[in-house]
2 protein chains.
Amino acid sequence: MLISGYSESSSFNPSYRQSEPGPNGQDRLSALFSGTPSRRIQTKDHVFCEGDMLRHVYRVEAGLICTYRMMPDGRRQVMGFAFPGDIVGLGTGSDHNTSAQAIRPTRLRCLPFAVLCEAMRNDAELTATLYEALAEELRNARELLLSVCHRSAAERVAAFLSALAQRNERRGLDSSNIDLGMTRTDIADFLGLTIETVSRTFTKFRITGLIDIAQCTAIRIVDRSGLERLAAGNISRND
Amino acid sequence: MLISGYSESSSFNPSYRQSEPGPNGQDRLSALFSGTPSRRIQTKDHVFCEGDMLRHVYRVEAGLICTYRMMPDGRRQVMGFAFPGDIVGLGTGSDHNTSAQAIRPTRLRCLPFAVLCEAMRNDAELTATLYEALAEELRNARELLLSVCHRSAAERVAAFLSALAQRNERRGLDSSNIDLGMTRTDIADFLGLTIETVSRTFTKFRITGLIDIAQCTAIRIVDRSGLERLAAGNISRND
DNA sequence: CGGAAAATTGATAGGCGTCAAAACTCGTGG
DNA sequence: CCACGAGTTTTGACGCCTATCAATTTTCCG
């Protein structure tokens, strides 16, 4: 399972750009962002809402953003979490089709969409990079769909924790001690479960020795391979 | 709910291309396809498989394609159905991340990916069109995620039938008499249900007067607004 | 310290998956 | 034209997983 839908550096793979190994689109995107003003927002503040006109594209500098959509009946589907380095707001039409909300104090850089469009018009490399970022989004959305549709609660939570561990690993952080940074509600809405089920599953993992829970939001992974086997569906559901 | 993940003409909305109303990228894409050879495949034949190298992009001329991914445990998630006019195979990295299989005799046009890339490198309009097609994919994947995660079986099936009716309507076809063209298994794997549940739901809809089932694959919609209310979740689940 | 929000734990019920069998569809060949 | 058989669909019985409702405990800040 992938956690963040948005362009994470390590996942770029602009395959259809076969030649021209020179300065790549990612660098150019970084360059675009580096000149922009930064903005600080508090926990629960919205970056944008579903239906808002698309004016800016954002890059998370610090903090944590979650993107979500609401159902007519008031339920919420979290689409992904954007960690520092991730880009939020790409790939919509003229309007945002998700809402984006900070779930802890966050610093963002804001790139006007018009500037990005103008740059894309003159820079095929940059366009290719954004195209790939979007393709990555799509892969993540499909991955999430698979996770949520065809997995038990335990498998979903295990996959979620594994993904966080992998993420920390890629970033050179501690892959055993995970700071969730989000509430049970956020996790539940991401995994298509209820907070009670998420909580019970955490407890079960603690009892079976897969994890340790120091505080609600600080998880220590004790048996990583066990967690990954469970996530992959290789363990009976009544474990 | 949207049925086909892929670029359907009516859904294009290249918002970030603000100027240049001239010949648009869609026309250019059509032009690219019109020179390609066409290929006929039979029901159950694969167009490509998950993990295959990305060599071609396809446009469905006639028939019906379904794209899907497999879970490690053998379960299948249908990602979408591609009807005539839809494009299949976009937006992956260097490999396909879904499989695509004909579920009835189908005719395709095959555009070599290298040709498309070359064209994109020289044609910002075309690139913009493909970018939008990808964004549309992403919207559809998210829509499907919402459908599948937070809706009851009846709501999902109702949404599915409504979407088919809307699709027929947009195409100027009969919006009441729907030819599914797919098996219960395909529908079940798309909606994240079992074939038994799909079948039972169809039966319940027939009994409650929402639909008529002439043959397994030929559905007549009797109470369209009822179906749409149900799809929207506005009716109690024990209806 | 105090109060609100979040998390945990428990009891219960119901929807949907699973297993099983019967009915139906449709293409093939006699 | 009818019969046959494989594949698909329908129907039924049953049980499990998870949502729901409810109460308590813990966490987090002011």
Side-chain angles (χ1 to χ4, degrees), chain A residues 42-44 66 71 73-77 103-105 147-158 179-207 211-219 230 233 235-239, chain B residues 42-44 66 71 73-77 103-105 147-158 179-207 211-219 230 233 235-239:
Chain A
Q42 287 309 309
T43 304
K44 293 191 179 171
C66 105
M71 296 282 291
D73 63 2
R75 300 189 62 169
R76 188 177 73 138
Q77 174 66 49
I103 55 182
R104 54 164 64 177
S147 283
V148 167
C149 286
H150 295 297
R151 287 171 143 161
S152 70
E155 287 167 353
R156 292 182 218 185
V157 174
D179 177 24
L180 291 178
M182 59 203 77
T183 66
R184 298 284 183 271
T185 303
D186 295 323
I187 298 171
D189 287 348
F190 182 58
L191 298 177
L193 299 169
T194 59
I195 54 172
E196 293 94 332
T197 300
V198 172
S199 179
R200 273 186 254 272
T201 306
F202 272 122
T203 302
K204 201 173 73 177
F205 285 1
R206 183 169 50 74
I207 291 170
I211 63 172
D212 233 33
I213 307 177
Q215 304 159 30
C216 296
T217 185
I219 306 285
L230 182 53
I235 293 179
S236 105
R237 294 191 170 187
N238 310 318
D239 194 21
Chain B
Q42 288 307 309
T43 304
K44 294 190 179 172
C66 106
M71 297 283 290
D73 63 1
R75 299 188 63 167
R76 188 178 73 139
Q77 175 65 49
I103 55 181
R104 54 165 63 176
S147 285
V148 167
C149 288
H150 295 298
R151 288 171 141 160
S152 71
E155 286 166 354
R156 293 182 216 184
V157 174
D179 177 24
L180 291 180
M182 60 203 76
T183 66
R184 298 284 184 272
T185 303
D186 294 323
I187 299 172
D189 288 347
F190 183 57
L191 299 177
L193 299 170
T194 60
I195 55 173
E196 294 94 331
T197 301
V198 172
S199 179
R200 273 186 253 271
T201 307
F202 273 121
T203 302
K204 199 172 77 178
F205 285 0
R206 184 168 49 75
I207 291 170
I211 62 172
D212 233 31
I213 306 177
Q215 305 157 30
C216 297
T217 185
I219 306 286
L230 182 52
I235 293 179
S236 102
R237 296 192 170 185
N238 312 317
D239 194 19

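To find a chain, count down the sequence lines: A is the first, B the second, and so on, and within it residues start at 1.
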query: Taking only residues two or more places apart in sequence, or in another chain, which ones meet A:R200 in a side chain to side chain contact (heavy atoms under 4.5 Å, CB included)?
result: A:E196

- request: Would you give a per-nucleotide map of nucleotides 25-30 of chain D, 5' to 3', where B means the base has a protein non-hydrogen atom under 4.0 Å away, S means only the sugar-phosphate does, and - means neither?
  value: ---S--

statement: Between the SG atom in B:C216 and the CZ atom in B:R184, the distance rounded to the nearest 0.5 Å is 5.5 Å

- line: The answer to which of B:T185 and A:L193 contacts DNA chain D further toward the 5' end, by nearest nucleotide, is B:T185

- prompt: Quick one: side-chain hydrogen bond (donor to acceptor under 3.5 Å, both in side chains) partners of A:T217, sequence neighbours excluded?
  reply: A:D179

- line: For A:T185, the side chain to side chain contact (heavy atoms under 4.5 Å, CB included) test, sequence neighbours excluded, returns A:R76, A:T183, A:D189, A:I195

Close side-chain approach of A:T203 and A:R206, heavy atoms under 4.5 Å: yes

message: If the helix axis at each end comes from five base pairs, how far does the helix from C:dC1-D:dG30 to C:dG30-D:dC1 deviate from straight, to 10°?
response: 40°

Distance in angstrom units between A:M71 CE and D:dA19 C1', rounded: 15 Å

- prompt: Atom CD1 of A:I195 to atom C1' of D:dA22: distance rounded to whole Å?
  reply: 12 Å

message: Among C:dT18, C:dT8, C:dC16, which nucleotide has an atom closest to any side-chain atom of B:T194?
response: C:dT18

task: Return the value, rounded to whole Å, for the distance between atom CD1 of B:I211 and atom P of D:dT9.
output: 14 Å

Heavy-atom side-chain contact between B:H150 and A:Q77 under 4.5 Å: yes

- request: Measure from CD1 on B:I213 to P on C:dC24 and round the result to the nearest Å.
  value: 14 Å

field: For A:R156 against A:G192, the heavy-atom pair lying closest together
entry: NH1-O, 3.4 Å

D:dC17 phosphate, OP1 or OP2, under 4.0 Å from A:T197 side-chain N/O: no

- request: Let me know the distance between CD of B:E196 and P of C:dA20, rounded to the nearest Å.
  value: 12 Å

field: Whole angstrom value for the distance that separates P of C:dC16 from CD1 of B:I187
entry: 16 Å

message: Quiz question: going by heavy-atom distance under 3.5 Å, is there a donor-acceptor pair between the base of C:dG17 and the side chain of B:R200?
response: no

- request: Please identify each residue that fulfils side chain to side chain contact (heavy atoms under 4.5 Å, CB included) with A:S199, with sequence neighbours left out.
  value: none

message: Between A:A153 and B:S199, which residue's closest nucleotide on DNA chain D lies nearer the 5′ terminus?
response: B:S199

query: Rounded to whole angstroms, how far apart are CZ on B:R206 and C1' on D:dT10?
result: 9 Å

Interatomic distance, A:K204 NZ vs C:dG10 P [rounded to whole Å]: 15 Å

- prompt: Is the closest side-chain heavy-atom distance between A:F202 and A:I219 below 4.5 Å?
  reply: yes

